[in-house]
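Chain A is the first sequence line, chain B the second, and so forth, proteins listed ahead of strands; every chain is numbered from 1. Keep in mind that the numbers below use all heavy atoms, side chains included, and drop hydrogens, waters and symmetry copies.
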Protein chains: 2
Amino acid sequence: MEPKEKLLEHLRESVVLTTSEATVVLDSFKERKLKKKEILLFTGDVSSHMQFISDGCLRAYYMDEEAKEHVVQFGVEGWWVNDLYSYLTQTPAKQFVQALEPTIVLQIHRDALQGLYDEIPAMERFFRLKFEKAYVSLQDRTINAMSKSAEERYLEFRSKYRDIEQRVPQYMVASYLGMTPEFLSALRKNLK
Amino acid sequence: MEPKEKLLEHLRESVVLTTSEATVVLDSFKERKLKKKEILLFTGDVSSHMQFISDGCLRAYYMDEEAKEHVVQFGVEGWWVNDLYSYLTQTPAKQFVQALEPTIVLQIHRDALQGLYDEIPAMERFFRLKFEKAYVSLQDRTINAMSKSAEERYLEFRSKYRDIEQRVPQYMVASYLGMTPEFLSALRKNLK
DNA sequence: GAATAATCTTAAGGTGTCTTAAGAAAGGAA
DNA sequence: TTCCTTTCTTAAGACACCTTAAGATTATTC
């Protein structure tokens, strides 16, 4: 399926759009292709687009003071990725966003999106709903991160995102789950 | 200041409301007073209201399998509290919401809020913006919880929410930060 | 298909945080 | 004021998870 078809289908899972609204919306997005390992957003740049993943897989991560990477988020087809803090506050990003596979994203500039919010109420509703859900699932992750053991977190991740586990390196999963790759490796051994 | 005045001021920090819109909005909220320790939402109940805190202080928490409490969130004047998962999915709440002081909240039923979304686009915008910000700050908390030491988390909490630290028992702060009260106590001793 | 890079595993020793148990201090109710 | 409840502290021993370092696999590139 074409990237923009995917996006439209994705939007219509949550809100109602007329044909003419759909045209306006889709025309606001530009396609961007990324090679494996290519970086979509660099630390220090200001994020100025929202990005819908049409194909492929990305991660958002940051480097701490000791230059260690921490994976904040994965994204696959049908998800949105960004350094949202940078996007919302227009300050330099603290995160990188990087393709882990050949990837296609659809980007909309924040000015254009602001225009859509004013013109097409369904778009404002779409993002209101999107953020509500995102908040709830992030809260779930936070609670897990703080109160569950490494093994429990891994098992939950595996049952929830089996597809992602198979597509990304194990050390990135470890990082996403807040443990060392060595510990995850040992833990996995014990499971079998 | 009157509860509804506070709410209106709060809304107008983010969006524009005409006088007549303001009236419609405020009429949709009902005031509810809570005594210290009173419970606003019980585990097992379905959350059907969004709640704005006009005065006082609350916490949201859940009990794990071993009957230990985990504080998910604090809220003071000008914040919103809820078990959002229960509210959004209309399933039984996993969290309690409890007043930690004599508290006044303004509640709006989800059906009424849905009506406002349809009638008054500024309200949809308000919550879109609210959830964007909430998501970003929760993400910050998640990153901290996963990658920082107990001491760092506590110091950050203290500098960010000094007011809350002074209003709630220390063991609840420990729980919110994902550590035991004993450890927080020891940690604080070392700081001086 | 060889060479190089990326990823995963193993293991020993260390540290941060928890558990348990007890007592001390502070707060609220009568 | 006094009593009872809630909250906070102290300390010893335990354990989950980390660090470091090295070698073993598996992918990627030319």
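Taking the 5' to 3' direction, DNA chain C first and last meets chain B under 4.0 angstrom from a heavy atom at C:dT17 to C:dG28.
A:Phe183 comes within 4.0 angstrom of a base, heavy atoms only.
In this structure, A:Gln170 atom CD and D:dA27 atom P are separated by 13 Å, rounded to whole Å. Protein atom NZ of B:Lys36 is 16 Å distant from nucleotide atom P of D:dT5, rounded to whole Å. In this structure, B:Gln166 places its CD atom 16 Å from C1' of D:dT7, rounding to the nearest Å. Taking atom OH on A:Tyr171 and atom P on D:dT26, their separation rounds to 17 Å, with Å as the unit.
Nearest-nucleotide assignment on DNA chain D puts the 5′-proximal partner with B:Met172, out of B:Met172 and B:Ala186. Both B:Met179 and A:Val168 sit near DNA chain C, but only A:Val168 has its closest nucleotide nearer the 5' end.
Side-chain atoms of A:Trp80 and A:His10 form a donor-acceptor pair, as typed in the model, at a separation below 3.5 Å. Side-chain contact check for A:Gln170 and A:Arg188: at least one donor-acceptor pair (N or O, by modelled atom type) lies under 3.5 Å.
Of the candidates D:dT9, D:dC18, D:dT28, the closest approach to any side-chain atom of B:Arg188 belongs to D:dT9. Considering only side-chain atoms of A:Lys68, the nucleotide from D:dC8, D:dT19, D:dC17 that sits closest is D:dT19.
In this structure, B:Lys4 fails the cation-pi test against B:Phe29, since its NZ or CZ atom is not both closer than 6.0 Å to the six-membered ring centre and inside 45 degrees of the ring normal. Under the 6.0 Å distance and 45° angle rule, B:Arg128 does not count as a cation-pi partner of A:Phe131.
Using a cut-off of 4.0 Å between Lys/Arg side-chain N and Asp/Glu carboxylate O, A:Asp118 and B:Arg125 are scored as salt-bridged.
Neither OP1 nor OP2 of D:dT28 sits under 4.0 Å from any side-chain N or O of A:Lys37.
Side-chain contact between A:Leu113 and A:Tyr87: present, with at least one pair of heavy atoms (C-beta onward) separated by less than 4.5 Å.
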